[in-house]
K.L.:
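Just dropping this structure here.
Given the structure is predicted, the values throughout are model-derived calculations rather than measurements.
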Amino acid sequence: QVRLVESGGGLVQAGGSLRLTCAVSEGTFNSGRMAWYRQAPGKEREFVARHNWTGWTYYADSVKGRFTISRDIANNAVYLQMNSLKPEDTAVYYCAASHSVSGAYDYWGQGTQVTVSS
């Protein structure tokens, strides 16, 4: 089993930056995919970014050019650098991981709150 723990969320002014960290606190994860999702109040959880084992990355159109996902295999961590934040980025951000190259994610973190003020 794998436990994921997010950190780095907080309150920031529009145009500011935050860096989220997802750490594997139990078990190990050195293959497959890791990703970030987010969920705003009253909204469905939506995809933000993913990082494949091969190093390929993919971003939602809403964050492309502003967010960057990166992965530290040796330290079992994935990061989300968020720049030029907008109020519409306000949400709980969740880390996810999967051993497989595709399909549903096997593990989810508890989430970290990101609030962007206007």
Side-chain angles (χ1 to χ4, degrees):
Q1 294 293 317
V2 173
R3 178 184 290 184
L4 306 178
V5 179
E6 302 96 333
S7 62
L11 175 64
V12 65
Q13 297 273 24
S17 299
L18 285 173
R19 191 189 197 197
L20 306 184
T21 297
C22 174
V24 180
S25 62
E26 289 187 11
T28 59
F29 193 88
N30 54 16
S31 63
R33 299 166 291 144
M34 299 193 76
W36 289 95
Y37 283 72
R38 67 187 183 186
Q39 186 169 22
K43 303 293 185 180
E44 299 288 332
R45 185 175 297 184
E46 65 174 349
F47 167 79
V48 176
R50 73 168 177 262
H51 186 286
N52 296 334
W53 173 247
T54 59
W56 285 76
T57 59
Y58 187 80
Y59 299 90
D61 288 340
S62 59
V63 306
K64 192 175 298 181
R66 299 188 297 120
F67 291 10
T68 301
I69 187 171
S70 59
R71 189 171 175 181
D72 185 341
I73 301 297
N75 292 312
N76 264 337
V78 65
Y79 308 95
L80 185 68
Q81 178 66 46
M82 305 185 294
N83 298 326
S84 301
L85 283 162
K86 305 174 181 179
E88 50 263 45
D89 294 318
T90 296
V92 176
Y93 283 70
Y94 297 90
C95 179
S98 175
H99 292 294
S100 64
V101 69
S102 63
Y105 286 90
D106 303 304
Y107 312 104
W108 292 86
Q110 78 287 350
T112 185
Q113 177 71 48
V114 172
T115 302
V116 184
S117 62
S118 60

K.L.:
What distance separates Leu11 CG from Gln113 CD, expressed to the nearest 0.5 Å?
P.N.:
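Answer rounded to 0.5 Å: 9.5 Å.
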
K.L.:
Under the 3.5 angstrom rule, does the side chain of Thr112 hit a backbone N or O of Gly9 as a donor-acceptor pair?
P.N.:
yes

K.L.:
Would you mind checking if Lys86 and Asp89 are paired as a salt bridge, meaning a charged N to carboxylate O distance below 4.0 Å?
P.N.:
no

K.L.:
If you compare all heavy atoms of Arg66 against all heavy atoms of Ser84, which two are closest, and at what distance to 0.1 Å?
P.N.:
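So the minimum-distance heavy-atom pair works out to NH1-O, 3.0 Å.
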
K.L.:
Take Ser98 and Arg50 through the test side-chain contact (heavy atoms from CB on, under 4.5 Å) and record every step on the way to the result.
P.N.:
CA-CA 11 Å; Ser98 175; Arg50 73 168 177 262; over 6 Å; no

K.L.:
Kindly compute the distance separating OH (Tyr37) from CG (Leu80), expressed to the nearest 0.5 Å.
P.N.:
13.0 Å

K.L.:
Drop me the distance from Ser102's OG to Asn52's CG, to the nearest 0.5 angstrom.
P.N.:
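So the gap between those two atoms works out to 9.5 Å.
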
K.L.:
Using a 6.0 Å cut-off, check whether atom NZ of Lys43 has over 12 heavy atoms from anything other than its own residue.
P.N.:
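No, NZ of Lys43 has 12 or fewer neighbouring heavy atoms, counting only those of other groups under 6.0 Å.
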
K.L.:
Mark yes or no for whether Glu6, through its side chain, and Gly111, through its backbone, hold a donor-acceptor pair below 3.5 Å.
P.N.:
yes

K.L.:
Determine the interplanar angle of the His99 and Tyr107 rings, folded into 0 to 90°, and report it as parallel if under 30°, tilted if 30 to 60°, perpendicular if over 60°.
P.N.:
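Ring orientation of His99 relative to Tyr107: perpendicular.
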
K.L.:
Tell me if a side-chain donor or acceptor on Arg33 pairs with a main-chain N or O of Gly103 at a distance below 3.5 Å.
P.N.:
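Side chain of Arg33 to backbone of Gly103, a donor-acceptor pair under 3.5 Å: yes, one is there.
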
K.L.:
Please determine whether residues Val63 and Tyr93 belong to a single hydrophobic cluster, defined as Ile, Leu, Val, Met, Phe, Trp and Tyr linked transitively by side-chain heavy-atom distances below 4.5 Å.
P.N.:
yes

K.L.:
What pair of heavy atoms forms the shortest contact from Met34 to Ile69, and how long is it?
P.N.:
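For Met34 and Ile69, the tightest heavy-atom pair comes out as O-CD1, 3.9 Å.
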
K.L.:
When you measure from the side chain of Thr57 to the backbone of His51, do you find a donor-acceptor pair of N or O atoms at a distance under 3.5 Å?
P.N.:
no

K.L.:
Roughly how far, to the nearest 0.5 Å, is the CZ atom of Phe47 from the OH atom of Tyr59?
P.N.:
9.0 Å

K.L.:
Quick one: CE on Met82 to OG1 on Thr68, what's the gap to the nearest 0.5 Å?
P.N.:
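Between atom CE of Met82 and atom OG1 of Thr68 there are 11.0 Å.
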
K.L.:
Please determine whether residues Trp108 and Val92 belong to a single hydrophobic cluster, defined as Ile, Leu, Val, Met, Phe, Trp and Tyr linked transitively by side-chain heavy-atom distances below 4.5 Å.
P.N.:
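Yes, one cluster joins them.
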
K.L.:
Establish whether Tyr79 and Val48 are linked, either directly or via other cluster members, by ILVMFWY side-chain heavy-atom contacts under 4.5 Å.
P.N.:
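Per the 4.5 Å side-chain linkage, Tyr79 and Val48 are not co-clustered.
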
K.L.:
What's the spacing between Phe67 CZ and Leu85 CG if we round to 0.5 Å?
P.N.:
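Going from the CZ atom of Phe67 to the CG atom of Leu85 covers 5.0 Å.
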
K.L.:
Has Gln39 got a side-chain atom pairing as donor or acceptor with Ala91's backbone, closer than 3.5 angstrom?
P.N.:
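A pair under 3.5 Å: no.
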
K.L.:
Between side-chain atoms of residues 12-25 and protein atoms elsewhere (two or more places apart, or another chain), which donor-acceptor pairs fall under 3.5 Å?
P.N.:
unit_1	atom_1	unit_2	atom_2	d
Gln13	OE1	Ser117	OG	2.8
Ser17	OG	Asn83	OD1	2.9

